[in-house]
Structures are given as structure tokens and as C-alpha cells.
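The figures here come from the full heavy-atom set of this structure, side chains too, leaving out hydrogens, waters and symmetry mates. When a ligand or atom number is given, it counts from 1 through the structure's own listing order.
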Amino acid sequence: MPKVLVSDPIDPVGIELLGQVAQVDVQTDLTPEQLIQVIPNYDALMIRSGTKVTPEVIEAGKLLKIIGRAGVGVDNVDIPSATRKGIVVVNSPEGNTIAAAEHALTMMLALSRHVPKANVSLKAGKWERKKFTGVEVYKKTLGIVGLGKIGSHVAKVARAMGMQLLAYDPFLSQERAEQLGCKLVELDFLFSEADYITLHIPKTPETYHLINAETLAKMKSTARIVNCARGGIIDEAALAKAIDEGQIAGAALDVFENEPLGESPLSAVEGDLILTPHLGASTEEAQTNVAVDVAEQIRDVLLGLPARSAVNIPGLRPEVLEKLQPYMLLAETLGNLVGQLAGGRIESLDIRLQGELANNESDPIVIAALKGLLSPALQERVNYVNAGIEAKERGIRVIETRDAAARDYAGSIHLEAKGPLETRSVTGALLGDNEIRITDIDDFPVNVAPANHMLITLHRDMPGIIGQIGSQLGGFNVNIASMQVGRKMVRGDAVMVLSLDDLPPEGVVAEINKTEGIRDSYIVTLQ
Ligand SMILES: NC(=O)C1=CN([C@@H]2O[C@H](COP(=O)(O)OP(=O)(O)OC[C@H]3O[C@@H](n4cnc5c(N)ncnc54)[C@H](O)[C@@H]3O)[C@@H](O)[C@H]2O)C=CC1
Ligand SMILES: O=C(O)C(=O)COP(=O)(O)O
């Protein structure tokens, strides 16, 4: 049974689900050193934001196949290291959207009405009504930085509360922003116009310290900032100073540059500052959603099935995946075949998607073809996760073309691998029941199903040659299961494809290549 380590608190429903297919160990208080010590025993790791999956953890995880992040942000996982090692990283992109959006809205309202301070004051026996006079959000301007899933939900609710909405998101269309009732503006304009600023962006090199002394200086003295996205987007020392000096009216933060917070300039702020310990996703509903979402994906990957929300391989909606999966298998088989025919170094791979495939998502097919192409060299070390990187590192240029007019089959794939000396090509299609057919080798038409062991010859079409090869294989005690010849003209060049019951012993190719009329021959192993 595979083993899964759960190293952050996860809803029991996810652990039960995984327990059906794996041994699940829950250890939520491991130090980084302890994690490195135990990780070599595990096939999968399930985490939230608490566990730091460093390059050292990934290096030590010799059996690791999948890291499941029960939440959105994967900035605590070293994705490049995981990708290089072929470890799939999955998350739950939508499971906690509502929870995080509602927390940001809660923070905005709590800040406006001094809820935390009023609560403390009342519990201390005071009745300070005047001191805690607040402000309304109605008709105020809310600037949303990052109008993705969480930012969009915040926009919908804020609009219903009568707020004017500005948004900054360089990757979003004007049309989508307008649908949400937001005016898409430049960041400086948002900073200077907004009464409230709420951040819903990932932490990236571009967003690190986006809110700093300089940008804080552009804001209104009545501005209030909410950060339920990621620590590090705000320069905490600059924010503490801006609040204390009255440069802005206040802030509410759920996330911090270092978590747990520990010693921080934020703790000493006297002005309006609300802090929560990364609670954005902490609702019962969100925790059930993310635990089930990620546990299902870990289960699927451990059972050899694809994951629906992988962050380091092309993600596919289930309905698209259902249609593309047989073609991915076809692409992988053809990649494997053309890789074996090309033999040595490959400089470029031309991938032509034909017929109905021309109008489909192509990334998964390209990745599958590369996995097949590299598998003769890398064996099980190449997978859907690292095939793209491995190809790039080997300097293989990938060229993708589409030909919707090719109609011999509903959909077919043509691969052409160019090496320094020669170019080899194969084409394949799917029959009605998704059975794979190789329909072309080096432009010679054939119609063969891939077999475990095959002998492919390039030869001159002449009497007696087929018989000779049959006898030679017989001499090596190799049984032929089927045979096909493809040629463009009688007595011209031809290709012969033999499916064999047994792996031919060494020496067969050398022997066959001595036969008059044979230009070259290859033993190919597929499936
Ligand atoms: N506090 C908490 O517990 C939680 C925090 N989060 C965090 O909230 C953030 C947003 O999550 P989602 O809305 O689900 O992500 P999303 O991917 O749906 O949206 C992010 C948006 O930010 C935009 N963006 C990226 N770089 C940008 C930049 N430099 N400037 C402006 N916009 C930029 C993207 O175009 C996208 O529209 C993430 O950082 C996530 O980790 C998510 C859930 C819970
Ligand atoms: O999903 C996210 O990005 C979050 O920040 C939630 O983090 P958590 O799972 O509560 O540790």
C-alpha cells in the first residue's frame, strides 16, 4: 500500500478518503529536519501553508510522486525542484475562494467599525460609544488589486453594499472587469483614489513589497488596506509607520512575511490595525472542500490516473481530459516510436495535430509526445511533469502545427524528429474504439497496431526479400505475429513492419542489415 504523510491539519474527511487507498500518517508538528528524515518513506505529501517544502525535502523524498496543497497558494512549495524530479504538485484552486473573500470583507467591515477594539474595551468594563464611531463603506471606493477568483467574489459583494469599484489586474480583460462592475485602472490611480484597498494577488517577485513607503505615500489619509492574500506583498515596517504617523487610516492583515508572526513592528502599532493568524481559509466548509479536492487528486495519482488541478503540468477539465486522453496515449506511442527510429540526438520535434485535434487544447498532447520521445533515453525518469523541462534542457526545439483539413481519420498526429544527420517521421490515428494505429512511417503508408516488440526495415521492394527476413528471424527462433509492407511505388523504396512475439536476441539487426536490398533495420519496443 502506498504511504501518505499529512504534515498540516487537514479535515478528517480528506484523511478518510485517502485511507481507502493508502496508509495515512498524520504528523503535524514536524520540524524541518524531522520532515527531511521521514519523507523518504512516503509516496505522497499532503500540506496546507504551514509546511515548507524546500528543495532539500524534495531531494530527500525519493519515493514522492505527488505533493497535495489543500488550499490555493503553493508559494511554500519549491515547484521548480518538484518539476525537475517529476513530482506532480496539485492544489485546490476554488475550494476556499468564498472563505477567503468573506474574510477580506469581514476585515474591511471590522476595521470600519472598530469591532476588535470595541470588544476589548467592553470586556474591560467600559462603555465607550463615542470613541468607536466608525465609517460606512456605502458609496466609498474599493480598489481591488488582483481580480481573480477571490477578488471577483469580493467585487460582487462590495458592489451589493453600494461601493464604487476600481480594479488593477494586468492579466484581465476590460470586458471581464466591466461584467463585475469594476473600472480597470492603473495601480497609481487606484492607490490615490481608493478609500479601501484589498489585495488578492499571488506573492511573486513583481508583487513583493508592492505596498511600501513610496506607494503608501500616494494613498489618502483615510485609506484602509486589507491583505488576505500573502505576506510579503506589504512592507510591514513601512505599514506600521504609515499607520502610526496617520499617513493612512488603518489596515487589516491575515497574512505575514514570516508565519507564525513572532516579533514584528506590527505588534507595537497603536493605531487601527487588525491582525488575524492566517484564517482566510479557515471555515468548516472551505476545509471540507479543499481536503476532499486534494485527497481525491492524491488518490487518483497514486492509482496512476491524472490529477485535475496540477500546477506543474497542463491542467485539464474532466470533459476535455476524457476526450484527449486516448490521443495523449497515441502521442506518447508515436513519440516513443519516432524517438527509437531517430536513435541519437534530436534537435527538433515537429508535432502536427490533424483533423478534429487541430481545434483542441494541444499542451497535453505535446507533453505526451515529448514523454514518449524521451523515454528510450530516460526510461521511467521522464513523466508528464518533467517532459517539457527535460526536452528544453536537451535543446529539443518543439514546433507545433495544425491541419484541420486532414480528414483521413477523425483526428491524427504526425511527428517529425530531426537529428543532425537525418529526419524520421511517423503518423498515427485512433480507430473507432480508440485503438491506436500507426498509419505512416517516413511517409510510407502502413496500418499497424503498436506491439511490444517490432522489427522495422527500410528496404528496396524486390522479390524474395520478405521471405529472407522471415527465415532469418526463424533462425533466431523469433516468431512473427504480423507483417505489413508500405511502399509508394512498385520496386521502389519500402518499409516493412513486423510484430514479433519475442524480443529478438542481439545480433539480429546486424544479420538482417547484411541482406541485399535492406537499407536499415530497427528493433522497436512499444507499450
Ligand atoms: N488568507 C488565506 O487564507 C487565503 C489566501 N489566498 C491567497 O489569495 C490570493 C488570491 O487567490 P485567488 O483569487 O484564488 O487567485 P487567482 O489566481 O484566481 O487570482 C489572482 C489574480 O491576481 C492577478 N495578478 C497576478 N499578478 C498580479 C500583479 N502583479 N498585479 C495585479 N494582479 C495580479 C491574476 O491575474 C489573477 O487574476 C493568492 O495569493 C492566494 O494564495 C487564497 C485562499 C486563502
Ligand atoms: O489557500 C491558501 O492560499 C491559503 O492561504 C490558505 O492557507 P491554509 O490552508 O489555511 O494554511
Just by distance, with hydrogens left out, do Glu214 and His209 show a side-chain donor and acceptor under 3.5 Å apart? no
Starting from atom 26 (N) of ligand 1, what is the nearest protein heavy atom, named by residue and atom, and what distance separates them? Phe171 CE1, 3.5 Å
Within the supplied structure, the quantity of interest is the number of heavy atoms (other residues, nucleotides, ligands) at a distance under 6.0 Å from Glu128 CD; does it exceed 12? yes
Lys3, NZ: over 12 other non-hydrogen atoms inside 6.0 angstrom: yes
Could you tell me whether Arg230 approaches ligand 1 through its side chain, its backbone, both or neither, with non-hydrogen atoms closer than 4.0 Å? side chain
If we only count N/O pairs under 3.5 Å, is Lys149 in contact with ligand 1? yes
Report yes or no: does a heavy atom of Leu147 sit under 4.0 Å from some atom of ligand 1? yes
Have a look at Thr51 and tell me which of Asn76, Thr28, Asp8 forms a side chain to side chain donor-acceptor pair (under 3.5 Å) with it. Asp8
Considering only non-hydrogen protein atoms, determine which one is nearest to atom 20 (C) of ligand 1 and report residue, atom name and distance to 0.1 Å. His200 O, 3.5 Å
Nearest candidate to atom 33 (C) of ligand 1, where distance is taken over non-hydrogen atoms, out of Leu190, Ile201, Val72, Asn76: Ile201
Decide whether Ser362 and Arg402 meet the rule of one side-chain donor and one side-chain acceptor closer than 3.5 Å. yes
For Asn96, which part has a heavy atom under 4.0 Å from ligand 1: side chain, backbone, both, or neither? side chain
Would you mind telling me if ligand 1 is within reach of the side chain of His278, the backbone, both or neither, using heavy atoms under 4.0 Å? side chain
Closest to atom 6 (N) of ligand 1 among Cys228, Gly280, Ala101, Gly73 (heavy-atom distance): Cys228
Are more than 12 heavy atoms, taken from residues, nucleotides or ligands other than Glu270, located less than 6.0 Å from that residue's CD atom? no
Can you name the one residue among Lys203, Lys52, Arg230 that meets side chain to side chain donor-acceptor pair (under 3.5 Å) with Asp75? Arg230
Please work out, at 4.0 Å between heavy atoms, whether the side chain, the backbone, both, or neither of Ala100 comes within that distance of ligand 1. side chain
Would you tell me whether Thr276 and His103 have side-chain atoms, one donor and one acceptor, within less than 3.5 Å of each other? yes
Can you list every pair where an N/O of ligand 2 is under 3.5 Å from an N/O on the protein?
{"unit_1": "ligand 2", "atom_1": "1 (O)", "unit_2": "Val72", "atom_2": "N", "d": "2.6"}
{"unit_1": "ligand 2", "atom_1": "1 (O)", "unit_2": "Asn96", "atom_2": "ND2", "d": "2.9"}
{"unit_1": "ligand 2", "atom_1": "3 (O)", "unit_2": "Gly73", "atom_2": "N", "d": "2.7"}
{"unit_1": "ligand 2", "atom_1": "3 (O)", "unit_2": "Arg230", "atom_2": "NH2", "d": "2.8"}
{"unit_1": "ligand 2", "atom_1": "5 (O)", "unit_2": "Arg230", "atom_2": "NH1", "d": "2.9"}
{"unit_1": "ligand 2", "atom_1": "5 (O)", "unit_2": "Arg230", "atom_2": "NH2", "d": "3.0"}
{"unit_1": "ligand 2", "atom_1": "5 (O)", "unit_2": "His278", "atom_2": "NE2", "d": "2.6"}
{"unit_1": "ligand 2", "atom_1": "7 (O)", "unit_2": "Arg69", "atom_2": "NH2", "d": "3.1"}
{"unit_1": "ligand 2", "atom_1": "7 (O)", "unit_2": "His278", "atom_2": "NE2", "d": "3.3"}
{"unit_1": "ligand 2", "atom_1": "9 (O)", "unit_2": "Arg48", "atom_2": "NE", "d": "2.9"}
{"unit_1": "ligand 2", "atom_1": "9 (O)", "unit_2": "Arg69", "atom_2": "NH1", "d": "2.8"}
{"unit_1": "ligand 2", "atom_1": "10 (O)", "unit_2": "Arg48", "atom_2": "NH2", "d": "2.8"}
{"unit_1": "ligand 2", "atom_1": "11 (O)", "unit_2": "Ser49", "atom_2": "N", "d": "3.0"}
{"unit_1": "ligand 2", "atom_1": "11 (O)", "unit_2": "Ser49", "atom_2": "OG", "d": "2.4"}

Distance to 0.1 Å, residue and atom name: give those for the protein heavy atom nearest to atom 29 (N) of ligand 1. Thr207 CG2, 3.3 Å
On a heavy-atom basis, I'd like to know which of Pro202, Ala229, Gly146 is closest to atom 25 (C) of ligand 1. Pro202
Under 4.0 Å from a heavy atom of Asp254: which atoms of ligand 1 are those, numbered in the order shown and with their elements? 1 (N), 2 (C), 3 (O)
Candidate with minimal heavy-atom separation from atom 37 (O) of ligand 1, of Val154, Ile144, Asn91, Asp169: Asp169
Ring of Phe191, cation from Lys218 - is the NZ or CZ under 6.0 Å from the centre and inside 45° of the axis? no
Hey, are Thr141 and Glu193 close enough side-chain-wise for a donor-acceptor pair under 3.5 Å? no
Distance-only polar pair, side chains of Asn312 and Thr83, donor-acceptor under 3.5 Å: yes
What part of Ile150, side chain from CB on, backbone N/CA/C/O, both or neither, has a heavy atom under 4.0 Å from ligand 1? both
Closest heavy-atom approach to atom 31 (C) of ligand 1 among Gly231, Gly148, Pro170, Ala99 is made by Pro170
Return yes if a side-chain donor-acceptor contact under 3.5 Å exists between Glu332 and Tyr327, otherwise no. no
Using a 6.0 Å cut-off, check whether atom CD of Gln27 has over 12 heavy atoms from anything other than its own residue. yes
Close side-chain approach of His414 to Gln354, heavy-atom, < 4.5 Å: yes
